[in-house]
Amino acid sequence: MLKVLPRQKIAIKQAVSIVEEGGIIAYPTEAVYGLGCDPLAEAAVMRLLKLKQRSVDKGLILIASSWQQLAKFTASVTDEVL
């Protein structure tokens, strides 16, 4: 099991608070830092797209800990695609 240190807990709480308030966070991935926000907060998503200089037509990556978290975003995806 992953042990979370007290300073890490504070950082996680701060990141959650930022996302809940419609902000954008940077988070580490395997090779680089990613930028993220609440995918249901349209203003935050639009700010993220502007920050990345990315067209809305290109889409974004969703990160989740389970398929259930993605269900509302994949309702139109068929079993053949999965």
Side-chain angles (χ1 to χ4, degrees):
M1 179 176 205
L2 180 65
K3 183 176 180 178
V4 180
L5 301 174
R7 287 182 57 200
Q8 291 171 318
K9 287 181 183 180
I10 292 169
I12 291 169
K13 287 181 182 181
Q14 288 174 329
V16 169
S17 178
I18 290 168
V19 170
E20 288 177 342
E21 293 172 9
I24 296 170
I25 60 168
Y27 58 89
T29 68
E30 290 178 1
V32 297
Y33 276 83
L35 297 175
C37 66
D38 177 354
L40 298 175
E42 184 177 351
V45 172
M46 297 311 289
R47 278 195 310 277
L48 179 63
L49 289 168
K50 184 176 180 179
L51 181 64
K52 294 178 66 123
Q53 299 179 353
R54 185 177 181 90
S55 167
V56 69
D57 297 329
K58 289 199 169 214
L60 294 166
I61 296 171
L62 289 173
I63 298 175
S65 64
S66 70
W67 283 106
Q68 290 76 23
Q69 288 182 321
L70 297 173
K72 64 184 101 188
F73 303 102
T74 60
S76 64
V77 177
T78 65
D79 287 337
E80 294 170 356
V81 175
L82 298 175

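All values derive from a computational prediction rather than experimental measurement.
Distance check: Leu35 CG to Ile24 CD1 gives 7.0 Å after rounding to the nearest 0.5 Å. To the nearest 0.5 angstrom, Ile63 atom CD1 is 10.0 Å from Leu70 atom CG. For the atom pair CG of Asp38 and CD of Glu21, the computed distance is 12.0 Å after rounding to the nearest 0.5 Å. Summarising the geometry, atom CG belonging to Leu60 is positioned 7.5 Å from atom SG belonging to Cys37; distances are rounded to the nearest 0.5 Å.
The minimum heavy-atom distance between Gln8 and Lys3, with the atom names listed, is OE1-O, 3.9 Å.
The 12-atom threshold is exceeded at OH of Tyr27, counting heavy atoms of other residues, nucleotides or ligands nearer than 6.0 Å. More than 12 heavy atoms of other residues, nucleotides or ligands lie within 6.0 Å of CG in Leu40, so this atom counts as buried by the packing criterion.
Side-chain contact between Leu62 and Pro39 is present, with heavy atoms from C-beta onward closer than 4.5 Å. The closest side-chain heavy-atom distance from Lys58 to Leu49 is not below 4.5 Å. No side-chain heavy atom of Lys9 sits under 4.5 Å from any side-chain heavy atom of Pro6.
In terms of hydrophobic clustering, with Ile, Leu, Val, Met, Phe, Trp and Tyr side chains grouped at heavy-atom distances under 4.5 Å, Val56 and Val45 are assigned to a common cluster. Side-chain heavy atoms closer than 4.5 Å link hydrophobic residues (I, L, V, M, F, W, Y) into clusters, and following such links, possibly through other members, connects Met46 to Leu48.
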